[in-house]
Structure formats: structure tokens, C-alpha cells
Amino acid sequence: MGDYKPAEALTHRRRATLAAARAATLQPMNRRFERDRQSLVAADISFENEHNKRDHSLEISWNKTKNDKKKRRNDTSDTLSNCHKTQESLLSSASGYKNYRGVLNWCVVMLVLSNARLFLENLLRYGVLVDPIQVVSLFLNDPYSWPAACLVIVSNVFILVALYTERQLSKGSFSELVGLLVHCINMAVLLTFPAAVVLLVPSVTSVGGLFVLGTYTIVLLKLYSYKDVNFWCRELSTMKAKKLSRSLSCPSEQRFYEGERKVCYPGNLTLRDMYYFIFAPTLCYELNFPRSPKIRMSFLLRRLFEMLFFTQLLVGLTQQWMIPIIQSSMKPLEDMDLSRMTERLLRLAVPNHLLWLMFFYWFFHSSLNFTAELLRFGDRQFYKDWWNSESVTYFWQNWNIPVHKWCLRHFYKPLLRRGFSKMFSQSAVFFLSAFFHEYLVSVPLRMFRLWAFMGMMAQLPLAWFVGRFLRGNYGNAAVWISIIIGQPFAVLMYVHDYYVIHYRQEGE
């Protein structure tokens, strides 16, 4: 065993030496083999790439040839296909085409160009007539006497009387009959008192009188609505109703934001609630008006800029354009033939209509939206698309939404509930509107000629005629013609009568 171990170790050493020699001999051969293998693989890869490129180029050429054949085939089919189909011309009503924005832009451009020519002729003939001091004189005859402003301040007395009456009615101190009597006396004085002051006080100008009477008329309609709604609330309270009607107060779908709560009768009989309603751009009272979440300053400033811009524009165009035409028309109609009178009517129609459109935008869009945004009043529907009116009735229902809502809620529907017919109720609404039109024109001018009254009452047969015989675009054209021609005709009549009363009597 002692001899075997060295011999075994020697044997293992010899084997290791031979294995190392063999490995050293085979290592260069392995490297050469690896290099040859890699070169063969690279050659195969390059051959495969070249083959793929040739296949791809052949495929591209084949696809191109195929596409060319397909294109030639399509060209041939397009040549042989029909180029006509059954269709209407765009300007035909049957085509259903409604995008006339380009035509509208063309009309605006033509309108601007034509009126720019008239304005240039006006400047060359009369010079610059805009005078800010003259605007102040329209409101004040005496700088130390402000009767119109004093009358506006006095209107608060009638507001407080209405509020006091409603509070006494809610407590039961006044009976319903006594409350109704107080309200009727209050509103009768509200209607007649400013008219008497305008007629009897010489220092009240025509423009100042119009402003005062317009303010008192708005307050009158608001107080009437205030009286009706509180009366309806008392009726529901006596019937022990748990919730008020949607049209009266506390509507479930209205939004009330943080810090706000619903008001129920008689919690609404406060000064804050009353004066919010007085300044709100609506004539119909509610206990809970829809409110916007916050005041948007950018929107408020835009409306304020529009108000200031259109105020200056209206004043400037009135002084520069309207007044010269009106002054040239101050001649008795018996001294003019029919052609001369028609010519003056048409001369007055265009500036009068443009000023009316500007006034509409200034009042119903800029001013009312400014007030609504300032008070966070949510209902901003002050007008609808009256310019698309195809009937006279649609026009009067949509051009002045606050007045229309008041007439519908407090005058038309109550007449229907009392058993009157629709025709009688509609005629009564036009009669009421005609009365206030004449009231707002004749009293400030201090002459009663009923031209505004007859113009409003003439809307009844006109509405019947347009609704019976005219439809679509023809009805819309008839409405526009009545607006463009009707207003300046009434203005011309008042100008004629004003001239006859003042200037002819002075000449005699």
C-alpha cells in the first residue's frame, strides 16, 4: 500500500500532463474552426439579406404594376360611370340647405357700405353735430332743478306701502278686501301721479318725462306681480299646503348654493327681498329666484363696455343722423304731396330701424345681463329668436320676454280662468300694451294723438292677415316690413303734430 500511493500519484500527474498537451494542441484548431464558422454564418446572412432585398424589390415592382393596372381600371370605370344623380339646387327649399352664413356676411357688408355713403353725405352736408352738452339739456332744463330724479326717488314710497300692506295681510291685521283696496289705490296713484307732474311742471323735459314714466311703469307691473304672488301664497297657506306651487316659490329643480336657503311665505316680506325684486331684471315675482353661483368679472366688464359703447353710439347717431332728418320733416302733411311724404318716410326708416336694433342689443342683452350678473340672477332669457318670426304673434311673444311672461301670468291666464275666450284675452293684452305705449309717448310730449295706441291695435288685423295668408319666409318678410315701416310712420306722425302744435302756432 505504501508503494501504490506514489505510483498512483505519478500516473495521475502523467495523465494531467498529456491532457494539457492535448488541449494546448487543440486550442488553435478550435479558434480556426470558430473563425471559419463565423465567416460562414456571416456569408449566409449576407446571402439571405441580398435574397430578401431582391424579393422585396420584386414584390414592390409587382405591387406597382398591380396598382397601375388597378388605377387604369378605375380610370376606365370612372370614365364610364354616371356623373349625374337626382338632387335639388341649394337655393331650393326642398334641398334642405340652411347654411347661408356667407350670404349674411354679404348683406352686412352691403349694409355697412350703403350706410357709410349716407353717413358721409350727412357729414358733408351738416358737419359734425354731436354735442354732449345738448344731451344733458335733454334731461335738464335747469341745472339746479332735477324733477325727474326727485320723482324716481319718490317711487320708493309706493314700494314701501306695498310691502307694509302685505305684512299686515300676513298678520291678519288687514282683511283681503281692505288689502286689495289699499293696493288698488297705491297702484292708481303710482300710475297717475308721475303723469300729472310731467304734464304740469314745465321744467320736466320730454326725455326726462319718458325716463320717469318708464320707471314708474316698471314699478307698477312689479308691484302688481308682488301682490298676486303673495295672495296666492296666502290661499295655499289657508289650504294647509305643505309645498308651494312650482310657479310660485320653492321649485324643486332650482339650484341653491352654499349659504343660501329657500324662503317660504311670510318669510319673504322683508326689505331685502323686496328691493332685490325691484332691481332684478324681471317683472314676475317669486319667493326664490334661480341664482348663479358667483359673479363673473370678465362677463360683467364685457357687458359694461358694451353699455358704454352703445350709449355713446346711440347718442351720436341720433344727433348726427336722426335729428337732421326729423327737422327736415317738420312740415305739415298738407304742404307735401304723396311722393314727398313717402320719400321722407323712407329716409327716416333706415336710421330709425338701425337705432332700434342697437337699442334692443344695448337694453335686452348688455344692460339686463349686466344687472343679472351683478345680482346673480339666474334666468337670463330676456329675448328669443324674434328675428325668425313667421307671424306677428310670434314676434310679440319673443322679442320682450319679461313683459310677455308678465302678461301671460298676470293678465292672459287669469282672463281664461274667468271664462273669457282666447280671442278676447289676446285682444285685451294688445289693448293693455297699446295703452302703455300711448302713455309713454303722449304724456312726455304733452300731446295726445293716439298714434302709438292705433299702431298697437293695428297689430291685431295684421296678425290675423299674416297668420292666414302668409307662411314661412313670406310671413317673416311681412314681420320685418311692419317693423321697418311701422315705427317711422308713427314717428313721422308725432313729428308732424308736434310741429303743428308748437311751430305753426308760434308763427301765427
Side-chain angles (χ1 to χ4, degrees), residues 152 155 158-159 162 187 190-191 210-230 232 246-249 251 254 268 273-292 299-300 303 306-307 310 356-389 392-415 425-426 428-437 439-441 452 456 459 483:
V152 173
S155 65
F158 302 95
I159 297 171
M187 286 186 285
L190 182 62
L191 184 66
L210 175 62
F211 176 75
V212 167
L213 294 179
T215 302
Y216 271 74
T217 301
I218 292 173
V219 173
L220 173 68
L221 298 178
K222 284 176 177 282
L223 293 185
Y224 190 93
S225 178
Y226 189 76
K227 171 191 74 70
D228 272 1
V229 172
N230 284 296
W232 296 335
R246 178 183 301 179
S247 63
L248 303 181
S249 78
Q254 288 183 2
N268 62 306
D273 181 86
M274 169 62 90
Y275 275 95
Y276 181 87
F277 171 55
I278 292 298
F279 287 102
T282 181
L283 299 176
C284 294
Y285 178 68
E286 289 184 4
L287 274 69
N288 296 281
F289 290 104
R291 305 290 293 275
S292 56
F299 182 88
L300 193 71
R303 299 291 83 80
E306 290 175 355
M307 289 170 60
F310 278 103
W356 179 78
L357 291 176
M358 291 179 188
F359 172 80
F360 168 81
Y361 188 88
W362 171 80
F363 183 76
F364 286 96
H365 185 75
S366 301
S367 300
L368 294 185
N369 269 293
F370 176 83
T371 306
E373 190 68 26
L374 200 61
L375 297 176
R376 292 175 52 212
F377 186 79
D379 187 1
R380 309 294 176 87
Q381 192 181 61
F382 306 120
Y383 56 89
K384 292 184 181 178
D385 60 334
W386 56 265
W387 46 86
N388 293 326
S389 301
V392 176
T393 305
Y394 186 88
F395 169 78
W396 288 110
Q397 291 174 348
N398 292 278
W399 95 277
N400 190 341
I401 295 298
V403 171
H404 171 67
K405 286 182 177 179
W406 187 94
C407 292
L408 191 67
R409 186 191 196 193
H410 297 286
F411 198 73
Y412 180 76
K413 288 184 176 179
L415 289 176
S425 301
Q426 290 176 356
V429 170
F430 273 101
F431 182 86
L432 182 68
S433 179
F435 168 78
F436 279 110
H437 276 78
Y439 175 79
L440 293 173
V441 175
M456 279 301 302
Q459 298 296 308
I483 296 172

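Starting from 1, each residue takes its place in the sequence as its number. Values below: every heavy atom of this structure, side chains too, minus hydrogens, waters and symmetry copies.
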To the nearest 0.5 Å, tell me how far Phe364 CZ sits from Asn369 CG. 12.0 Å

Surrounding OH of Tyr361 (heavy atoms of other residues, nucleotides or ligands, distance under 6.0 Å), is the total greater than 12? yes

For ring pair (Phe, Tyr, Trp, His ring centres under 6.0 Å), just list the numbers for Phe360 and Trp386, CA-CA rounded to whole Å, side-chain angles, deciding distance to a tenth of an Å, and then say yes or no. CA-CA 12 Å; Phe360 168 81; Trp386 56 265; 5.2 Å; yes

Over 60° means perpendicular and under 30° means parallel, so tell me whether Phe436 and Tyr439 are parallel, tilted or perpendicular. perpendicular

What's the separation between atom CG in Asp379 and atom CZ in Phe382, rounded to the nearest 0.5 Å? 7.0 Å

Any residue meeting side chain to side chain donor-acceptor pair (under 3.5 Å) with His410, in chain and number order, not counting sequence neighbours: Ser225, Asp228

Passing option when Lys222 is tested against Tyr285, Phe279, Phe277, Trp406 for side chain to side chain contact (heavy atoms under 4.5 Å, CB included): Phe277

Who are the side chain to side chain donor-acceptor pair (under 3.5 Å) partners of Ser367, not counting sequence neighbours? none

Report yes if some heavy atom in the side chain of Tyr412 is under 4.5 Å from a heavy atom in the side chain of Gln426; otherwise report no. yes

Residues which pass side chain to side chain donor-acceptor pair (under 3.5 Å) with Tyr383, listed by chain and number, not counting sequence neighbours: His365

Are Asn398 and Asn388 linked by a side-chain donor-acceptor pair shorter than 3.5 Å? no

Face-on cation placement of Arg380 at Phe377 ring, 6.0 Å and 45° thresholds: no

Could you label the plane-to-plane angle of the His437 and Trp396 rings as parallel, tilted or perpendicular, counting under 30° as parallel and over 60° as perpendicular? perpendicular

